[in-house]
Amino acid sequence: LTASQLGFVLLAGSAGAVLALPSAGAVVARLGPARTVRFGAIAACSGIVVAGFGGGLVGNVALVAFGLFALGAGSGTWDVAMNVEGADVERSLGWTIMPRFHAAWSLGSVAGAGAGALAARLAVPLEIHLTVIAIAVLASVLVAVPYFTPVAPTADRRNAKRRSALAAWRERRTLLIGVMVLSAALVEGAANDWLALALVDGYGTSHSLAAVGFGVFVTAMMLARLVGTWLLDRFGRVVVLRTCIAFAIAGVAAFVLGDSLPVALLGTTLWGLGASLGFPVGMSAAADDERLAAQRVSVVASIGYVAFLAGPPLIGLLADSFGIRLALSVLLATMVLSLVVTGAARPLRPTAATRD
């Protein structure tokens with residue numbers, strides 16, 4: 001596949017997520033986070049298996065796209081539910097912990113990158129590799145969800161459920177947080193989809209070394225998310241977010257303009273540090289009011305996932321003309337936009353209705 005063709009195949013997964021996300025808030029409000037995560041994981045893992053057999057044993061691009069669509073729909077719904085659960089836990093504890101939950105996602109990405117590098121080195125068939133991954137993921141989710149916090153509907157929550165989900169789409173703060181998360185998702189998602197390929201295409205590395213390079217990115221992101229909980233409580237959301245954006249701008253610029261692999265890896269590290277907190281902090285900010293957390297997280301996630309929808313084909317089309325490495329410079333413009341809207345992430349001041 002050419003870079004643009006690969007971009008459109010990756011688009012199938014993003015399309016599944018974007019179509020599922022607008023209704024995810026209503027699903028979480030009705031079923032609760034635990035049941036929603038369980039159903040989402042089953043759909044996502046089924047999609048992984050289908051994509052694996054489509055790309056490996058069968059060699060059918062349409063089957064790969066269908067599997068990625070199921071993966072996107074399942075993981076998108078799952079994403080909203082687990083962020084609502086994470087926000088509930090954060091409120092119960094009374095201190096910032098959401099980035100640590102997202103650090104666990106990064107840890108999974110490190111493990112996935114390592115497994116991918118090993119599978120590539122050993123020439124493990126794709127269908128076997130992804131089926132094993134799907135079984136491991138689903139088993140871990142089914143073990144974990146019974147430990148979610150119990151859902152006890154209060155009068156406030158019941159009243160909030162009756163409120164139309166469309167109302168959250170008219171809230172200026174929610175929309176601005178969504179724009180911030182969109183930028184963060186594009187910066188993070190571009191690395192997920194293209195960083196390893198850019199190391200091969202732009203720096204001439206092997207595929208296994210490129211997978212290790214991606215591991216550097218997600219390791220930096222994971223470490224920043226672990227430290228970020230303390231930084232957010234110490235300095236506040238806006239200061240920390242703007243610092244992260246500055247790191248990301250420097251990292252992407254170094255990766256795109258660098259003239260050697262060490263410079264590229266330094267840029268990758270800064271990129272990972274900078275991409276670390278935008279998404280989890282956006283989820284926490286959207287869920288500041290627990291009564292409307294599911295609806296607002298669904299809106300913010302829907303806006304954010306537009307980056308996963310538009311990012312792969314946009315960068316793929318640019319890469320056909322300029323190469324993957326140079327195409328990634330488009331991220332710099334989105335990060336400048338993110339700087340403008342980060343103020344919306346300030347903690348929501350409690351209103352009388354919230355206190356009541």
Side-chain angles (χ1 to χ4, degrees), residues 21 25 79-80 83-84 86-87 90-91 94-102 167-190 221 224-225 227-253 270-308 310-311 330-355:
L21 280 167
D79 195 19
V80 171
N83 276 292
V84 171
E90 190 171 66
R91 279 190 297 271
W95 55 280
T96 304
I97 196 173
M98 183 73 84
R100 293 194 180 181
F101 295 141
H102 285 252
W169 285 95
R170 298 192 293 269
E171 297 172 348
R172 181 176 181 271
R173 177 179 182 267
T174 300
L175 295 177
L176 289 177
I177 293 171
V179 171
M180 183 191 76
V181 169
L182 184 149
S183 175
L186 183 59
V187 172
E188 182 180 339
M221 190 163 61
R225 284 173 170 173
V227 176
T229 56
W230 177 81
L231 293 173
L232 288 162
D233 285 335
R234 176 68 178 82
F235 299 105
R237 289 174 180 170
V238 176
V239 171
V240 173
L241 286 173
R242 287 175 177 165
T243 303
C244 283
I245 294 168
F247 272 83
I249 290 173
V252 172
L270 294 174
W271 187 351
L273 294 174
S276 59
L277 295 178
F279 204 100
V281 172
M283 293 296 129
S284 288
D288 277 345
D289 183 352
E290 63 179 310
R291 300 170 307 148
L292 301 171
Q295 292 89 334
R296 288 173 174 162
V297 169
S298 178
V299 170
V300 169
S302 297
I303 297 171
Y305 267 77
V306 170
F308 297 132
V330 72
L331 301 177
L332 298 172
T334 68
M335 286 184 278
V336 172
L337 173 63
S338 187
L339 277 174
V340 176
V341 300
T342 48
R346 288 187 178 89
L348 190 65
R349 294 177 184 272
T351 63
T354 303
R355 288 192 296 270

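These figures come from a predicted structure and were not determined experimentally.
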S.K.: For the backbone of His102 and the side chain of Arg225, can you confirm whether one donor and one acceptor N or O come within less than 3.5 Å of each other?
M.R.: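 Side chain of Arg225 to backbone of His102: a pair is present.
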S.K.: Heavy-atom distance under 4.5 Å between the side chains of Phe247 and Ser276, does that happen here?
M.R.: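 Result no, sub-4.5 Å side-chain heavy-atom pair not found.
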S.K.: Regarding Ser284 and Glu90, do their side chains bring together a donor and an acceptor under 3.5 Å, going by distance alone?
M.R.: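 Looking only at side-chain atoms, Glu90 and Ser284 do form a donor-acceptor pair, the distance falling under 3.5 Å.
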S.K.: For the pair Leu273 and Met221, evaluate side-chain contact (heavy atoms from CB on, under 4.5 Å) and give the outcome as yes or no after the intermediate values.
M.R.: CA-CA 5 Å; Leu273 294 174; Met221 190 163 61; over 6 Å; no
S.K.: In terms of the angle between their ring planes, are Trp230 and Phe235 parallel, tilted or perpendicular, with boundaries placed at 30° and 60°?
M.R.: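 Answer is perpendicular, since the angle exceeds 60°.
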S.K.: Please report the interatomic distance CE(Met180) to OG1(Thr334), rounded to the nearest 0.5 Å.
M.R.: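 Answer rounded to 0.5 Å: 13.0 Å.
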S.K.: Are Leu232 and Pro99 close enough that some pair of their side-chain heavy atoms sits under 4.5 Å apart?
M.R.: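 Yes, at least one pair of side-chain atoms sits under 4.5 Å.
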S.K.: Looking at every non-hydrogen atom in both residues, tell me the closest pair between Leu176 and Ala344 and how far apart they are.
M.R.: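 Here Leu176 and Ala344 meet closest at CB-CB, 3.6 Å.
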S.K.: Give a yes or no on whether the backbone of Glu188 and the side-chain of Trp271 come within a donor-acceptor separation of less than 3.5 Å.
M.R.: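 No, Trp271 side chain to Glu188 backbone: no donor-acceptor pair under 3.5 Å.
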S.K.: Working to the nearest 0.5 angstrom, can you tell me the gap between Thr243 OG1 and Leu231 CG?
M.R.: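 If I round to the nearest 0.5 Å, the distance is 8.5 Å.
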S.K.: Would you name the heavy atoms of Ala185 and Gly304 that are closest together and state the gap between them?
M.R.: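 Closest approach of Ala185 to Gly304, heavy atoms only: CB-O, 3.4 Å.
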S.K.: Just verifying a value: how many Å separate Ile245 CD1 and Leu339 CG, rounded to the nearest 0.5 Å?
M.R.: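 Ile245 CD1 to Leu339 CG: 4.5 Å, rounded to 0.5 Å.
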S.K.: Could you state the interatomic distance from CG (Leu175) to CZ (Arg296), rounded to the nearest 0.5 Å?
M.R.: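 Here the rounded value is 11.0 Å.
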S.K.: Do the non-hydrogen side-chain atoms of Arg237 and Leu277 ever get within less than 4.5 Å of each other?
M.R.: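 Sidechains of Leu277 and Arg237: no contact.
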S.K.: Can you tell me how far OG of Ser338 sits from CG of Leu331, rounded to the nearest 0.5 angstrom?
M.R.: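 Taking CG in Leu331 and OG in Ser338, the distance rounds to 12.0 Å.
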S.K.: So Thr229 and Phe101, do their side chains get closer than 4.5 Å, heavy atoms only?
M.R.: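 In short, these two side chains do not touch, never coming nearer than 4.5 Å.
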S.K.: In the structure I gave you, are the side-chain heavy atoms of Met98 and Asn83 within less than 4.5 Å of one another anywhere?
M.R.: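 Yes, at least one pair of side-chain atoms sits under 4.5 Å.
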S.K.: To check you understand the geometry: which heavy-atom pair defines the closest contact between Val300 and Gly282, and what is its length?
M.R.: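 Shortest heavy-atom contact: CG1-O, 4.4 Å.
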S.K.: Hey, is the main chain of Leu21 close enough, under 3.5 Å, to the side chain of Ser298 for a donor-acceptor pair?
M.R.: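 Flag set: sc Ser298 to bb Leu21 pair under 3.5 Å.
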S.K.: Should Asp79 and Met283 count as side-chain neighbours, where that means a heavy-atom distance under 4.5 Å?
M.R.: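 A side-chain contact is absent here, since even the closest heavy-atom pair is not under 4.5 Å.
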S.K.: How many angstroms lie between atom CG of Leu182 and atom CD1 of Ile303, to the nearest 0.5 angstrom?
M.R.: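 Reported to 0.5 Å precision, the distance equals 8.0 Å.
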S.K.: Given Asp288, which of Arg91, Arg173, Arg346 fulfils the side-chain hydrogen bond (donor to acceptor under 3.5 Å, both in side chains) condition?
M.R.: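 The option that passes is Arg173.
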S.K.: Any idea which heavy atoms bring Gly251 and Leu270 closest together, and the distance?
M.R.: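 Scanning both residues, the minimum pair turns out to be CA-CB, 3.6 Å.
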S.K.: Hey, are the side chains of Ser183 and Leu337 touching, using non-hydrogen atoms and a 4.5 Å cut-off?
M.R.: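 Ser183 does not reach Leu337 side chain to side chain.
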S.K.: Taking the side chain from Thr342 and the backbone from Leu241, do they hold a donor-acceptor pair closer than 3.5 Å?
M.R.: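 A pair under 3.5 Å: no.
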